[in-house]
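Within every chain, numbering begins at 1; the chains are lettered A, B, ... in the order of the sequence lines, protein sequences first and strands thereafter. The structure displayed is predicted, hence computed values, not measured ones.
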Amino acid sequence: MEHSITTSDCVAVVASKKTWIEQLAIDQLTYTSSLPGMHYCVGMPDLHPGRTYPVGAAFFATEQIYPALIGNDIGCGMSLYQTSMPLRKAKLDKLAKSLKGVEQQCLKHLDEYIDAFKKDHQLHTSSFDHKLGTVGGGNHFAELQRVEEIYDAALYQALGLDKSCLQLLVHTGSRGFGQSILLAYQSQFQTQSLRCGTHEFNTYWQQHQQALAYAQLNRELVAEKFMLALKTKSEMLLDVHHNFIEKIEYKGITGYLHRKGATPSTQGVVMIPGSRGDFSYLIQPLDAEKSLFSLAHGAGRKWKRGACKARLDQRYSMQDLQTTSLGSRVICQDKTLIYDEAPEAYKSCAQIIEDMVDAKLIRVIAKFRPVMTYKTEGSCGS
DNA sequence: ATGTCC
């Protein structure tokens with residue numbers, strides 16, 4: 001079997017030859033690895049190009065951090081909920097009807113919860129708070145799923161999953177708050193690194209930690225609104241950021257691990273989502289030191305955002321895109337977004353999972369089928 | 001990816 005990890009001095013890519021990775025993403029990975037203070041960089045099998053830096057990679061730097069590498073969505077991540085909604089009651093038309101206006105719900109107990117949370121975390125945000133509990137754009141989503149196949153019954157049971165009821169997977173981040181932190185930093189430092197111990201490092205670091213809490217709160221609020229709309233309950237099984245900086249020790253060196261769309265392998269079981277027309281995989285991370293304690297955060301884009309509508313609008317109408325080949329339904333009133341996030345724009349999640357299994361980075365616990373993918377009800381795109 | 005504007 002061919003090796004799934006290729007390594008040069010300090011840059012590695014976890015991917016088999018079967019997994020297509022755009023050259024631009026490799027170039028961006030190499031470029032980023034050459035920045036001052038960068039020691040080790042690992043591209044995951046979902047590696048794809050970003051604006052300047054690649055997405056789907058982990059970077060270990062010493063003595064400094066790169067806020068521009070993390071970008072605006074500080075704290076973006078995935079949370080998984082076990083709901084109490086039985087599959088037999090989960091009819092698509094009924095679910096869609098229940099979810100009408102799900103994000104627009106303004107409820108007193110949510111406001112009280114937000115206030116208490118902000119106090120606890122010493123958050124003094126305000127101008128973005130009206131967007132708390134909304135999914136946002138891009139690859140963000142909230143998806144109702146059901147268990148398709150179980151591969152590791154013991155791990156599956158230990159998590160408290162119930163295949164007779166729906167699961168909810170929430171992918172979103174810190175919304176306008178993270179954006180404001182990035183903009184404040186960029187206006188002063190453009191893309192420069194911040195050296196640890198300096199005042200500007202400490203300022204960013206504190207805001208970064210707040211954005212992590214804010215992103216987590218946002219996911220929790222989205223889940224809560226879904227439960228209210230569906231008139232059911234849920235239990236959170238996991239909540240993991242995949243876009244953030246963490247201070248770690250690696251090979252005896254203390255430094256800063258930048259996860260740019262890379263799932264931590266150090267926080268127990270995690271979910272690796274496929275596109276809306278593909279399965280998602282619940283996995284147990286194994287020893288992932290060789291991949292900088294990180295894993296893929298999804299299937300990875302194959303086509304760049306913005307190029308999808310032109311490639312697909314002869315083949316599919318808006319209505320075509322509201323269902324998938326797995327029989328799931330899509331709620332997305334934004335035309336550009338529904339094309340940009342088409343299943344065709346993403347790689348096969350099974351292939352990404354296979355690469356990580358071959359590299360001995362993960363064990364697969366279960367596979368989940370999408371039932372209903374919620375993107376946005378806002379209709380501004382055309 | 002976000003907010004805002006066309």
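Protein atom CZ of A/F177 is 20 Å distant from nucleotide atom P of B/dA1, rounded to whole Å. Distance CG (A/N72) to P (B/dT4): 14 Å, rounded to an integer number of Å. With rounding to whole Å, A/L183 atom CG is found 13 Å from B/dT4 atom C1'. Separating the CG atom of A/D334 from the C1' atom of B/dC5 is a distance of 15 Å, rounded to the nearest angstrom. Between A/L182 atom CG and B/dG3 atom P the separation is 13 Å, expressed in whole Å. Distance, A/I70 CD1 to B/dA1 C1': 14 Å, rounded to whole Å. Following rounding to the nearest Å, A/Q186 (CD) and B/dT2 (C1') show an atom-to-atom distance of 13 Å. The CD atom of A/Q179 sits 12 Å away from the P atom of B/dA1 (whole-angstrom rounding).
Other residues, nucleotides and ligands contribute at most 12 non-hydrogen atoms within 6.0 Å of the NE2 atom of A/H199.
One finds no side-chain N or O of A/R51 lying less than 4.0 angstrom from the OP1 or OP2 phosphate oxygen of B/dA1.
Geometric assessment of A/R369 against the ring of A/F279 yields a negative cation-pi assignment under the 6.0 Å and 45° thresholds.
Between A/H241 atom NE2 and A/D73 atom CG the span is 11.0 Å, to the nearest 0.5 Å.
Between A/Y256 and A/W205, the ring center distance clears the sub-6.0 Å criterion.
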